[in-house]
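Data block below; observations after.
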Amino acid sequence: MTTDANAPWLIVGLGNPGPEYTANRHNVGFMVADLLAERIGGRFKAHKARAQVVEGRIGPPGPLNRRVVLAKPMSYMNLSGGPVTALRDFYKVPLANIVAIHDELDIDYGVLRLKLGGGDNGHNGLKSITKSLGADYHRVRFGIGRPPGRMQVADFVLKDFSSTERKVLGYFVDRAADAVEALVIEGLERAQSTYNS
């Protein structure tokens, strides 16, 4: 899939707005977006598309330098499609240049999987984006593992990471941010070969 080298990338961290959700497993997409914003030296600002955005560049100077828009939808997770569609239209981003960073139950904690397209696997944020845009956008899937015992999935994703998980969370968020940068700069296949381990 060829993309216009000058077209911006829209990198969307998925999560729920509000302080009570900040450290939830479901908000790991926001955590990665925050770190990427820090790396490019930007601060999130409110955008009329019901999102917070940072514009900047990723990659070394020269042909691999990419214009990016980092976004955190300020709708709730299950309504992410509206803000993402509005941002795509506003910044004129091709679908192939959209990346969603999200928590993934079916992968062990901290494991990453990068892919293009596919189903939503019951993830309400992806379900909403796919309904609005179709499925052919990139995903950076951040493993959170399955809930223990009989805990409901909804309760599990809306709980904070455990104290054991928090000890290594910074490392995994850092690695996920690296994976996003690799995807944007080097392309999916190369990023997959490095991070889909």
Side-chain angles (χ1 to χ4, degrees), residues 1 3 5 7-15 22-44 51-73 80 84 87 91 93-118 121 123 125-126 129 137-145 157 160-162 164-197:
M1 186 183 309
T3 57
W9 283 75
L10 175 59
I11 300 167
V12 182
L14 294 182
T22 302
N24 288 180
R25 291 183 177 93
H26 222 20
N27 271 41
V28 77
F30 275 15
M31 296 173 197
V32 177
D34 285 338
L35 178 57
L36 286 164
E38 205 177 291
R39 287 184 181 183
I40 65 174
R43 295 176 75 116
F44 279 100
Q52 290 189 345
V53 300
V54 175
E55 295 178 54
R57 301 193 81 87
I58 285 178
L64 293 178
N65 193 261
R66 304 278 186 256
R67 189 156 74 92
V68 295
V69 178
L70 302 173
K72 298 191 294 187
S80 301
V84 174
L87 290 169
Y91 289 103
V93 181
L95 189 56
N97 281 22
I98 296 176
V99 182
I101 310 163
H102 64 92
D103 56 310
E104 179 63 67
L105 288 159
D106 285 339
I107 305 176
D108 289 340
Y109 175 59
V111 174
L112 295 174
R113 289 280 181 274
L114 283 68
K115 70 177 202 172
L116 175 65
N121 208 12
H123 192 289
L126 295 181
I129 294 171
Y137 54 92
H138 289 91
R139 297 99 190 275
V140 174
R141 304 157 72 205
F142 187 112
I144 59 168
V157 299
D160 290 359
F161 286 100
S162 70
T164 310
E165 288 170 333
R166 280 199 299 272
K167 286 180 182 144
V168 286
L169 181 60
Y171 168 77
F172 289 139
V173 168
D174 198 57
R175 195 163 181 271
D178 291 347
V180 172
E181 290 181 349
L183 169 61
V184 169
I185 296 162
E186 301 170 15
L188 180 63
E189 284 180 21
R190 288 189 65 176
Q192 282 175 325
S193 69
T194 307
Y195 294 96
N196 282 19
S197 49

With I185 via side-chain contact (heavy atoms from CB on, under 4.5 Å) - residues at least two apart: I58, P60, L64, E181
Row check, Y137 ring normal vs R139 NZ/CZ: under 6.0 Å, within 45°: yes
Flag, side chain of Q192 to backbone of L114, donor-acceptor distance under 3.5 Å: yes
Main-chain N/O of A96 paired to H138 side chain as donor or acceptor, under 3.5 Å: yes
Set of ring-ring contact (aromatic ring centres under 6.0 Å, His included) partners for F44, sequence neighbours left out: none
If the condition is side-chain hydrogen bond (donor to acceptor under 3.5 Å, both in side chains), which residues does [X] pass it with, not counting sequence neighbours?
X	result
D103	H26, H123
Y91	E55
D174	R39

Side chains of [X] and [Y]: closer than 4.5 Å at any heavy-atom pair?
X	Y	result
L126	N121	no
V93	L87	no
L188	L183	yes
N196	K115	no
L14	I129	yes
I101	V180	yes

Which distance, rounded to the nearest 0.5 Å, do you find between the [atom1] of [X] and the [atom2] of [Y]?
X	Y	atom1	atom2	value
L112	T194	CG	OG1	11.5 Å
L35	R175	CG	CZ	14.0 Å
L95	L10	CG	CG	10.0 Å

Measure across [X] and [Y] and return the closest heavy-atom pair with its distance rounded to 0.1 Å.
X	Y	answer
A33	L70	O-CD1, 4.0 Å
V173	F142	N-CE1, 4.0 Å
V32	A176	CG2-CB, 3.8 Å
A191	A179	CB-O, 4.4 Å
P8	N97	O-ND2, 3.2 Å
A182	Y195	CB-CE1, 3.7 Å

Residues in salt bridge (charged side-chain N to carboxylate O under 4.0 Å, His left out) with [X], at least two apart?
X	answer
R141	E104
R67	none
E165	R25
D106	R146

Neighbour count >12 (heavy atoms, 6.0 Å) for atom CZ, R166: yes
L36 vs I11, side chain to side chain contact (heavy atoms under 4.5 Å, CB included): CA-CA, chis, key distance, verdict: CA-CA 10 Å; L36 286 164; I11 300 167; 4.2 Å; yes
Worked check of side chain to side chain contact (heavy atoms under 4.5 Å, CB included) between V157 and I144: CA-CA 8 Å; V157 299; I144 59 168; 3.8 Å; yes
Partner of F161 by side chain to side chain contact (heavy atoms under 4.5 Å, CB included), out of L169, V168, N24, N27: L169
